[in-house]
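Before we start, here is the structure in question, set down as structure tokens.
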Amino acid sequence: MELRQLSHFLAVASRRSFTQAARDVSVVQSSLSASIRQLERELGATLFDRTTRRVELSPAGRALLPIARNILAEARSAKAEISAVQGLLRGQVSLGTIQMLTWVDLPQALALFRKAHPGIEISLLEAPVDEMIEALRSGGLDLAYLACGPEELPAALTVIDSDTEPLAVATGRDHPLAEQAGVRLADLEAESFVEFQAGTGLQTVVDRLCLDAGLNRRIVLRTTQLELLVSLVRHGLGIAILPVGVAQEAGLTTIPILGDRAVRTVALVTRAGHDSNPAVRALLDLLRPAHHDRPSEAQRSGEKR
């Protein structure tokens, strides 16, 4: 078994799709399929049950899954130890992030890191929370910013830092709600909502918040693109529930949500043993000051715009 084959196997197991897995590992689908077939021949077992609609793990594939994760995690640990010997002249660090990260100017932070350590390869992944959790567990990510609380994480993962940020109802400037000092979610039954795809960290929080408030909202669009969502809200085609800082930076009006603690938790997460990789330690040394300098929740809430 080659590490490349195991990496391809984990990609297919995670995505349940050869097409999406090939995109994730940056190979053509035919090469990925050939790699999986070769692995199956070496093991003498079929690893996936393939149908025209889905790809599912076979019993043999399910047995291989934890073994493959451990092997790749050990391989990454070995590379990390070698990086320590190299004194950060070479190495790699992989970071995952949610789409709407307001904690830190991540491009600026990574640019500073790259300037200080030009020999370190940086990879950045933007993905749904469950995919990043799986990548952390399998060793595909070293660190990730996740929109979830510590209690929602597997025991193998560790929270380095976390904070809450306020949510608000976001509207266009000419929307009838824009002049209100506050709004209760239960009073928004007649409104149209534009939202992110189900399963994203923010959307999970919004779904839970609306359920607790007894709001059965009318959703006119689900999207993965922040720019599209903001544009529709700005033009009055719907309202959204967004982090205050994100909405205000996009030029939307924010109306405080009354009666509920409307916040989302964002955590910087790693797996146990992250400090064995000196590149990860160096990146954390750069990110931690940025976290400490961030504004408080009250400051981020600001005044209604």
Side-chain angles (χ1 to χ4, degrees), residues 14-16 96-103 125-137 144-154 157 159 162-172 175 177 180 182-234 236-250 252-269 297 300-301:
S14 173
R15 285 293 197 173
R16 300 296 196 268
T97 181
I98 54 177
Q99 186 178 38
M100 291 182 293
L101 180 63
T102 57
W103 266 19
L125 171 69
E126 180 188 290
V129 169
D130 57 349
E131 289 185 26
M132 289 195 287
I133 287 176
E134 183 59 35
L136 284 166
R137 293 178 63 182
Y145 286 99
L146 304 179
C148 63
E151 70 282 354
E152 301 173 71
L153 295 172
L157 302 185
V159 174
S162 68
D163 194 16
T164 58
E165 56 183 344
L167 304 177
V169 172
T171 73
H175 194 281
L177 290 174
Q180 294 190 202
V183 65
R184 295 184 181 276
L185 291 179
D187 296 334
L188 299 178
E189 291 274 359
E191 298 295 333
S192 297
F193 283 78
V194 290
E195 302 190 347
F196 289 100
Q197 292 287 4
T200 61
L202 174 63
Q203 199 54 51
T204 300
V205 174
V206 170
D207 288 343
R208 186 182 305 129
L209 190 64
C210 292
L211 179 64
D212 292 344
L215 171 61
N216 183 23
R217 60 202 188 280
R218 182 175 63 203
I219 301 171
V220 297
L221 174 76
R222 286 193 183 275
T223 181
T224 59
Q225 302 176 45
L226 175 60
E227 293 82 2
L228 176 58
L229 184 147
V230 166
S231 182
L232 291 175
V233 173
R234 185 181 294 122
L237 297 176
I239 64 175
I241 299 175
L242 295 172
V244 170
V246 172
Q248 292 182 346
E249 185 176 350
L252 301 178
T253 298
T254 57
I255 303 103
I257 297 172
L258 304 177
D260 298 285
R261 180 161 168 74
V263 298
R264 75 164 177 174
T265 299
V266 177
L268 177 59
V269 178
E297 180 179 323
R300 291 195 304 271
S301 298

- Message: How long is the straight-line distance from CG of L268 back to CG of D163, given to the nearest 0.5 Å?
- Response: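 The distance works out to 12.0 Å.
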- Message: Checking R234 now: which residues fulfil side-chain hydrogen bond (donor to acceptor under 3.5 Å, both in side chains) with it, not counting sequence neighbours?
- Response: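 Partners of R234 under the side-chain hydrogen bond (donor to acceptor under 3.5 Å, both in side chains) test: none.
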- Message: What I'd like to find out is whether the side chain of R264 reaches to under 4.5 Å of the side chain of L202, using heavy atoms alone.
- Response: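 The answer is yes, as the side chains (C-beta and beyond) meet within the 4.5 Å cut-off.
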- Item | Heavy-atom pair with the smallest gap, counting every atom of S162 and T265 |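 Closest approach of S162 to T265: CB-CG2, 4.4 Å.
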- Item | R261 CZ to D212 CG distance, which is reported to the nearest 0.5 Å |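 Between R261 CZ and D212 CG, I get 14.0 Å after rounding to 0.5 Å.
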- Test log, rule side-chain contact (heavy atoms from CB on, under 4.5 Å), inputs T253 and L177: CA-CA 9 Å; T253 298; L177 290 174; over 6 Å; no
- Show your working on side-chain contact (heavy atoms from CB on, under 4.5 Å) between L185 and I257 and close with a plain yes or no. CA-CA 7 Å; L185 291 179; I257 297 172; 3.7 Å; yes
- Query: Is the closest basic N to carboxylate O distance between R218 and E189 below 4.0 Å?
  - Reply: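 No, this pair does not count.
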- Query: Considering all heavy atoms of both residues, which atom of A240 and which atom of V194 are nearest to each other, and what is their separation?
  - Reply: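 Here A240 and V194 meet closest at CB-O, 3.4 Å.
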- Query: Looking only at heavy atoms, what is the nearest atom pair of L258 and G182, with distance?
  - Reply: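 Scanning both residues, the minimum pair turns out to be CD1-C, 3.7 Å.
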- Message: Between V246 and Q99, does the side-chain contact (heavy atoms from CB on, under 4.5 Å) criterion hold? Intermediate values first, please.
- Response: CA-CA 11 Å; V246 172; Q99 186 178 38; over 6 Å; no
- Does any non-hydrogen side-chain atom of L221 lie less than 4.5 Å from one of L232?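 Touching, per the 4.5 Å side-chain cut-off.
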- Would L188 and I239 count as a side-chain contact (heavy atoms from CB on, under 4.5 Å) if you check the C-alpha gap in whole Å, the side-chain angles of each, and the deciding distance to 0.1 Å? CA-CA 10 Å; L188 299 178; I239 64 175; 4.2 Å; yes
- Query: Any side-chain heavy atom of L167 sitting closer than 4.5 Å to one from L242?
  - Reply: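 No. Closest side-chain heavy atoms not under 4.5 Å.
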- What distance separates I241 CD1 from D207 CG, expressed to the nearest 0.5 Å?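 These two atoms lie 9.0 Å from each other.
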- Query: Has the side chain of R222 got a donor or acceptor atom that lies under 3.5 Å from a matching backbone atom of E195?
  - Reply: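 Not a single qualifying donor-acceptor pair exists.
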- Query: Do we see a donor-acceptor contact under 3.5 Å between the side chains of T254 and Q248?
  - Reply: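 There is such a pair between these side chains.
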- Query: In terms of heavy-atom contacts, does CZ of R184 have more than 12 from other residues, nucleotides or ligands at under 6.0 Å?
  - Reply: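 No, CZ of R184 has 12 or fewer neighbouring heavy atoms, counting only those of other groups under 6.0 Å.
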- Task: Enter the distance from F196:CZ to M100:CE here, rounded to the nearest 0.5 Å.
- Result: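 With rounding to 0.5 Å, CZ (F196) is 4.0 Å from CE (M100).
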- Message: To check you understand the geometry: which heavy-atom pair defines the closest contact between R217 and C210, and what is its length?
- Response: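 In this case the closest contact between R217 and C210 is NH1-CB, 3.4 Å.
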Under 3.5 Å, which donor-acceptor pairs do the side chains of residues 223-231 form with other protein atoms, sequence neighbours left out?
| from | atom 1 | to | atom 2 | distance (Å) |
| --- | --- | --- | --- | --- |
| T223 | OG1 | Q225 | N | 3.0 |

- Task: Report yes or no: do H175 and Q180 form a side-chain donor-acceptor pair below 3.5 Å?
- Result: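 No, no side-chain donor-acceptor contact under 3.5 Å.
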- Task: Heavy atoms only: give me the nearest V129-C148 pair and the separation to one decimal.
- Result: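 Closest approach of V129 to C148, heavy atoms only: CG1-SG, 4.3 Å.
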- Query: So how far is it from L125 CG to T97 OG1, rounded to the nearest 0.5 Å?
  - Reply: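 It comes to 9.0 Å.
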- Are Q203 and Q197 close enough that a side-chain donor and a side-chain acceptor fall under 3.5 Å?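 No.
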- Query: Quick one: does L153's side chain get under 4.5 Å of L146's, heavy atoms only?
  - Reply: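 Answer yes - side chains close enough.
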- Task: Locate the shortest heavy-atom distance separating V159 from A267; write the atom from each residue and the value.
- Result: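 Nearest heavy atoms, V159 then A267: CG1-CB, 4.1 Å.
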